[in-house]
Enquirer: 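One structure, pasted below without further comment.
We name chains A, B, ... by the order of the sequence lines, and we start the count at 1 in each one.
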Protein chains: 2
Amino acid sequence: MSTAPAYRRSEPDARRLSLIEACARVLARAGIAGASVRTIAVEAGVSPGLVGHYFAGVDALIAATYAHTGARVDAALETAVAAAGDDPRARLEAFVTASFAAPIADPELLATWIAFWSLVRARPEIAALHDQQYGGFRAQLEALLADAGVARAELRPRAIELTALVDGLWLELCLSPQAFSADEAAAIARAALGRITSPDRSAG
Amino acid sequence: MSTAPAYRRSEPDARRLSLIEACARVLARAGIAGASVRTIAVEAGVSPGLVGHYFAGVDALIAATYAHTGARVDAALETAVAAAGDDPRARLEAFVTASFAAPIADPELLATWIAFWSLVRARPEIAALHDQQYGGFRAQLEALLADAGVARAELRPRAIELTALVDGLWLELCLSPQAFSADEAAAIARAALGRITSPDRSAG
DNA sequence: AACCTTGTTGGACAGTCGTACAACAAGTGA
DNA sequence: TCACTTGTTGTACGACTGTCCAACAAGGTT
């Protein structure tokens, strides 16, 4: 008589990914305080010891989760920009608007992102990932703004502004969901974008 | 022969405050992960057991620290607005600019604030404090914007936008101090404010 | 069918966590 | 000087943490 297998082997990459996704879910649900090796292992349906087999430690798993989540966001933004066609203004608007639509506006992803922020100060490797991620955001925004005809001297401050605005809206959307909706946030960001890209006729 | 006292008694309020301030310093330095009863007690120069004497638990101490920090920020903003005189535009600008000057631009306070954000999702009592704090920010901004002549229908979205922008700049100023300076952030916020309060002549 | 690699398990280990509490002592009033 | 209140200490407790590792077994090879 044959018994059912006690466990199933997975492709190493698939198992690695499932641990990363479990880590993201735990971070979203319970924050950084709840992200222990055991909690994550249970979430992934796996023995605690397996985490050590795929990652040097729990810190490395969390860092990998940040990198994976960041790449997911980058891909979603890139897709949205590409789908907007060739018009520079439309591409810029698509970049900003996509931040408030699926899959980026997902509350679970937002909460995970905030958990990463809380680690930046204490963990140098997370700080490095953060710098890289946000440097990328600003660089891409600068390029899109340049294509849309924004003056060269304005590129840097406007890119910083838009990144900060989107982040701030994102943050409050996650922390106080009843304060305003994702649609309202998107409309606010688009309005700010309109004011930035329209030639300033009230100078002086 | 008399020996030196083993400890000094403090006024209950003073001791309570010193624990709150120690908690804020620990949160800024080590994040939420490092904010244990023992760490905070050492920071305050006090025995671990004393925390339980003044607060129901470590969660209550952290919540009290959030309330205290929020009140500190409110007071600083109120002072800045009052010092700006009677001109509505100047008062509005003072509110926004004060966020990037002492004592609010303090990296320690920023880091503490981020630690609170990371707790909002998991701790209902922290979420309630957050809603109250940010509801207050937006309400005050709406009042200042109204005084400055912003159209009634625009008050809500513009207040949300300014709050988000300031928060986003604040956040990045803390997480990537080398990306831009506090002065640059203040200039960016003022420029956005100018675009918001100036009559829009490019409509249509 | 015997074998080998290695993904996977489950528990041991030292350390830290939050909480509770008995004992001590500082300061006050009598 | 004595008693009394209570701020303060230090520690014990069980539950949890991250890391480590010997043992097991799944899946492929020979």
Enquirer: Hey, is the main chain of A:E172 close enough, under 3.5 Å, to the side chain of A:S176 for a donor-acceptor pair?
Expert: no

Enquirer: State, to the nearest 10°, the angle formed by the axis through the first five base pairs of the helix from C:dA1-D:dT30 to C:dA30-D:dT1 and the axis through its last five.
Expert: 10°

Enquirer: Is there a residue in residues 18-40 of chain A whose heavy atoms reach under 4.0 Å of DNA chain C, and which residues are they?
Expert: A:R38

Enquirer: Is it true that, when you exclude A:E108 itself, more than 12 heavy atoms of the residues, nucleotides or ligands shown sit nearer than 6.0 Å to its CD?
Expert: yes

Enquirer: Surrounding CD of A:E125 (heavy atoms of other residues, nucleotides or ligands, distance under 6.0 Å), is the total greater than 12?
Expert: yes

Enquirer: Just distance, no hydrogens or angles: give the donor-acceptor pairs under 3.5 Å from side chains in residues 154-166 of chain A, sequence neighbours left out.
Expert:
{"residue": "A:E154", "atom": "OE1", "partner": "A:R158", "partner atom": "NE", "Å": "3.0"}
{"residue": "A:E154", "atom": "OE1", "partner": "A:R158", "partner atom": "NH2", "Å": "3.1"}
{"residue": "A:R156", "atom": "NE", "partner": "B:E184", "partner atom": "OE2", "Å": "2.8"}
{"residue": "A:R156", "atom": "NH2", "partner": "B:A179", "partner atom": "O", "Å": "2.9"}
{"residue": "A:R156", "atom": "NH2", "partner": "B:E184", "partner atom": "OE1", "Å": "2.8"}
{"residue": "A:R156", "atom": "NH2", "partner": "B:E184", "partner atom": "OE2", "Å": "3.2"}
{"residue": "A:R158", "atom": "NH1", "partner": "A:E161", "partner atom": "OE1", "Å": "3.1"}
{"residue": "A:E161", "atom": "OE1", "partner": "B:R195", "partner atom": "NH2", "Å": "3.0"}
{"residue": "A:E161", "atom": "OE2", "partner": "B:R195", "partner atom": "NH1", "Å": "3.2"}
{"residue": "A:T163", "atom": "OG1", "partner": "A:A159", "partner atom": "O", "Å": "2.8"}

Enquirer: Would you classify B:G52 as touching base, sugar-phosphate or nothing, given that sugar-phosphate means primed atoms plus P, OP1 and OP2, and contacts are heavy atoms under 4.0 Å?
Expert: nothing

Enquirer: With 3.5 Å as the limit, what N/O pairs link the protein to nucleotides 4-8 of chain D?
Expert:
{"residue": "D:dT6", "atom": "O2", "partner": "B:R9", "partner atom": "NH2", "Å": "2.6"}
{"residue": "D:dG7", "atom": "OP2", "partner": "B:H53", "partner atom": "NE2", "Å": "3.4"}
{"residue": "D:dG7", "atom": "N2", "partner": "B:Y7", "partner atom": "OH", "Å": "2.4"}
{"residue": "D:dT8", "atom": "OP1", "partner": "B:R8", "partner atom": "O", "Å": "3.2"}
{"residue": "D:dT8", "atom": "OP1", "partner": "B:S10", "partner atom": "N", "Å": "2.8"}
{"residue": "D:dT8", "atom": "OP1", "partner": "B:R15", "partner atom": "NE", "Å": "3.1"}
{"residue": "D:dT8", "atom": "OP1", "partner": "B:R15", "partner atom": "NH2", "Å": "2.6"}
{"residue": "D:dT8", "atom": "OP2", "partner": "B:R15", "partner atom": "NE", "Å": "3.2"}
{"residue": "D:dT8", "atom": "OP2", "partner": "B:Y54", "partner atom": "OH", "Å": "2.8"}

Enquirer: Nearest nucleotide by nearest heavy atom, which residue falls closer to the 5' end of DNA chain D, A:G57 or B:G45?
Expert: B:G45

Enquirer: Pairs under 3.5 angstrom only: tabulate donor-acceptor contacts from the side chains of residues 72-86 of chain B to other protein residues two or more places apart or in another chain.
Expert:
{"residue": "B:D74", "atom": "OD1", "partner": "B:Q133", "partner atom": "NE2", "Å": "3.0"}
{"residue": "B:T79", "atom": "OG1", "partner": "B:A75", "partner atom": "O", "Å": "2.9"}

Enquirer: Compare every heavy atom of B:A189 with every heavy atom of B:F100, then report the nearest pair and how far apart it is.
Expert: CE1-CB, 3.8 Å

Enquirer: Side chain of B:S47, backbone of B:L50: donor and acceptor closer than 3.5 Å?
Expert: no

Enquirer: Identify all side-chain donor-acceptor contacts of residues 15-28 of chain A below 3.5 Å with residues at least two apart in sequence or on another chain.
Expert:
{"residue": "A:R15", "atom": "NH2", "partner": "A:R8", "partner atom": "O", "Å": "2.9"}
{"residue": "A:R16", "atom": "NH1", "partner": "A:Y54", "partner atom": "O", "Å": "3.3"}
{"residue": "A:S18", "atom": "OG", "partner": "A:R15", "partner atom": "O", "Å": "2.9"}
{"residue": "A:R25", "atom": "NE", "partner": "A:E43", "partner atom": "OE2", "Å": "2.6"}
{"residue": "A:R25", "atom": "NH2", "partner": "A:E43", "partner atom": "OE2", "Å": "3.4"}

